[in-house]
Amino acid sequence: MAGITKRVLIVSVVIGLTGTFIQMQGVARAEGKDDDFLEKISPAAVGEYTFMASTDDPGRSYPISKEVIETLKPFGVVPRIYKDSRTNRQIEVLLVSSNTKESFHDQRVCFPAQGNTPLPEELLEIDTDRGPLPITIAPYDTPRGKMLTAYLYRGPNNRYFHRPGQLTFAMLMTALKGGTNLDSNFYRFLTQDADVTKDDIMAFARDYFNAASKTSNGYL
């Protein structure tokens, strides 16, 4: 009898987890949150860097392909390039916002699939106005030369992560506990300027979050 009760309990838990998992998939939907919303709350300046707006869409630097949108199914994607006019250095920021795990891919899979060779990563932290945040430093060899990236994920309850798997688990646990706000963000910082160092891109990321705290009222 005890064995049957145990099996029923296990099945019930599995069914509950499966239902929650299914709810976390699909197309992201959030009232009032879309590309325009994210563009309005993204910082126009990050330290000495200024956002380079597209003439076609002044809220972003370049368009995102239809294929990417259909793959990620987020409620917002904002690509921006920031330039330091003193040095001509450029750093690109890609912001992806969603409340479904399907929108958050692993860069360690995506970039190599595009012909880039990953170099050893470092899991570090940056000190910001909101406290220390985890950040992954990920360099690549590309057909166009060296590429330096840094990225992190923000999940429910303002928790930050190095990896998408950590984010998925946090979203699942939040849903299981009855939480309904699964809004999460992916931030990627990227440069192919050879003179931009690891310390430079980390300092830029720090300044980005400090600026975004003010422009987004803490949402980004």
Side-chain angles (χ1 to χ4, degrees), residues 6-31 33-34 37-38 41 68-78 93-114 118 120-140 149-190 201-202 205-206 208-209 212-213 216 218-220:
K6 184 177 180 180
R7 286 196 294 272
V8 170
L9 178 60
I10 292 174
V11 170
S12 298
V13 171
V14 170
I15 291 174
L17 287 172
T18 302
T20 303
F21 186 80
I22 291 173
Q23 289 175 3
M24 290 168 56
Q25 301 186 74
V27 180
R29 292 285 184 267
E31 187 67 30
K33 294 172 184 173
D34 54 18
F37 167 75
L38 293 174
I41 64 175
V68 169
I69 298 299
E70 290 178 346
T71 298
L72 298 182
K73 299 180 176 65
F75 53 67
V77 179
V78 176
V93 179
L94 180 67
L95 169 66
V96 178
S97 195
S98 178
N99 53 16
T100 171
K101 72 177 190 66
E102 299 301 313
S103 302
F104 302 106
H105 289 197
D106 194 332
Q107 179 174 288
R108 294 173 297 173
V109 176
C110 298
F111 272 15
Q114 298 169 12
E121 292 186 342
E122 293 182 79
L123 306 184
L124 303 174
E125 284 188 344
I126 51 175
D127 291 320
T128 71
D129 291 345
R130 62 187 81 179
L133 303 181
I135 192 165
T136 301
I137 304 298
Y140 291 84
T149 74
Y151 63 90
L152 65 154
Y153 301 81
R154 178 179 182 171
N157 303 313
N158 295 330
R159 297 179 61 197
Y160 295 81
F161 307 99
H162 284 111
R163 302 298 193 198
Q166 296 170 313
L167 170 62
T168 297
F169 182 75
M171 295 174 77
L172 175 61
M173 294 307 296
T174 299
L176 285 174
K177 293 176 182 178
T180 56
N181 185 358
L182 300 181
D183 287 8
S184 301
N185 298 323
F186 169 65
Y187 313 84
R188 188 189 69 204
F189 308 92
L190 180 154
I201 204 166
M202 289 178 65
R206 176 202 64 209
Y208 175 88
F209 283 105
S213 289
S216 70
Y219 184 80
L220 295 182

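Counting from 1, the numbers follow the sequence of the chain as shown.
The two atoms that bring Ser184 and Gly155 nearest to each other are OG-CA, 3.5 Å, heavy atoms only. Ser103 approaches Val96 most closely through the heavy-atom pair O-CG1, 4.0 Å.
Here the side chains of Val93 and Phe189 are in contact, with some heavy-atom distance below 4.5 Å. Counting heavy atoms from C-beta outward, Thr71 and His105 have side chains that approach closer than 4.5 Å. With contacts defined as side-chain heavy-atom distances shorter than 4.5 Å, the pair Leu95/Leu38 qualifies. Between Phe104 and Ser98 there is a side-chain heavy-atom pair separated by less than 4.5 Å. Within the 4.5 Å cutoff, no side-chain heavy atoms of Lys101 are placed close to those of Leu167. Contact of the Tyr140 side chain with the Pro112 side chain is registered, since non-hydrogen atoms from C-beta on lie closer than 4.5 Å. Taking the side chain as every heavy atom from C-beta outward, Leu190 and Phe111 approach each other to under 4.5 Å.
Atoms CG and CZ, on Asp127 and Arg206 in that order, are 8.5 Å from each other to the nearest 0.5 Å. Here the OG1 atom belonging to Thr136 is positioned 8.0 Å from the OH atom belonging to Tyr153, to the nearest 0.5 angstrom. To the nearest 0.5 Å, atoms CZ (Phe169) and CG (Leu176) are separated by 9.0 Å. Here CG of Asn157 is found 11.5 Å from CE of Met173. Values are rounded to the nearest 0.5 Å. Put simply, OH on Tyr208 and OG1 on Thr128 are 13.0 Å apart, with the number rounded to the nearest 0.5 Å. Going from atom CG of Leu72 over to atom OG of Ser97 covers 12.0 Å, rounded to the nearest 0.5 Å.
The closest donor-acceptor contact from the side chain of Thr149 to the backbone of Ala138 lies under 3.5 Å. Side-chain atoms of His162 never come within 3.5 Å of backbone atoms of Glu122 as a donor-acceptor pair (strictly under, hydrogens ignored). Judged by distance alone, the side chain of Lys177 and the main-chain N or O of Thr174 form no donor-acceptor pair under 3.5 Å.
A search for side chain to side chain donor-acceptor pair (under 3.5 Å) contacts involving Asp106 returns Arg108, not counting sequence neighbours. Take Arg188 and apply the salt bridge (Lys or Arg N to Asp or Glu O under 4.0 Å) test, not counting sequence neighbours, and it matches Glu92. Legend: residues meeting side chain to side chain donor-acceptor pair (under 3.5 Å) with Asn158, ordered by chain and number and at least two apart, are Arg154. Scanning for side chain to side chain donor-acceptor pair (under 3.5 Å) contacts around Ser213 gives Arg130, with sequence neighbours left out.
A salt bridge (charged side-chain N to carboxylate O under 4.0 Å, His left out) check over residues 167-176, counting only residues at least two apart or in different chains, returns nothing. The salt bridge (charged side-chain N to carboxylate O under 4.0 Å, His left out) contacts involving residues 157-172 comprise Glu121-Arg163, where partners must be two or more places apart or lie in separate chains.
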Inset, instruction - Begin from the C-alpha positions of Met202 and Leu124 and carry the test side chain to side chain contact (heavy atoms under 4.5 Å, CB included) through to its verdict. - result: CA-CA 9 Å; Met202 289 178 65; Leu124 303 174; 3.7 Å; yes
Inset, instruction - Could you give me the CA-CA distance, side-chain angles and deciding distance for Leu133 and Leu152, then say whether side chain to side chain contact (heavy atoms under 4.5 Å, CB included) is met? - result: CA-CA 8 Å; Leu133 303 181; Leu152 65 154; 4.3 Å; yes
Inset, instruction - Quick one: do Asn185 and Leu220 satisfy side chain to side chain contact (heavy atoms under 4.5 Å, CB included)? Show the steps, please. - result: CA-CA 7 Å; Asn185 298 323; Leu220 295 182; 4.2 Å; yes
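Checking Asp183 against Tyr219 by side-chain atom types alone, a donor-acceptor pair falls below 3.5 Å.
Tyr187 has its ring centre less than 6.0 Å from the ring centre of Phe209.
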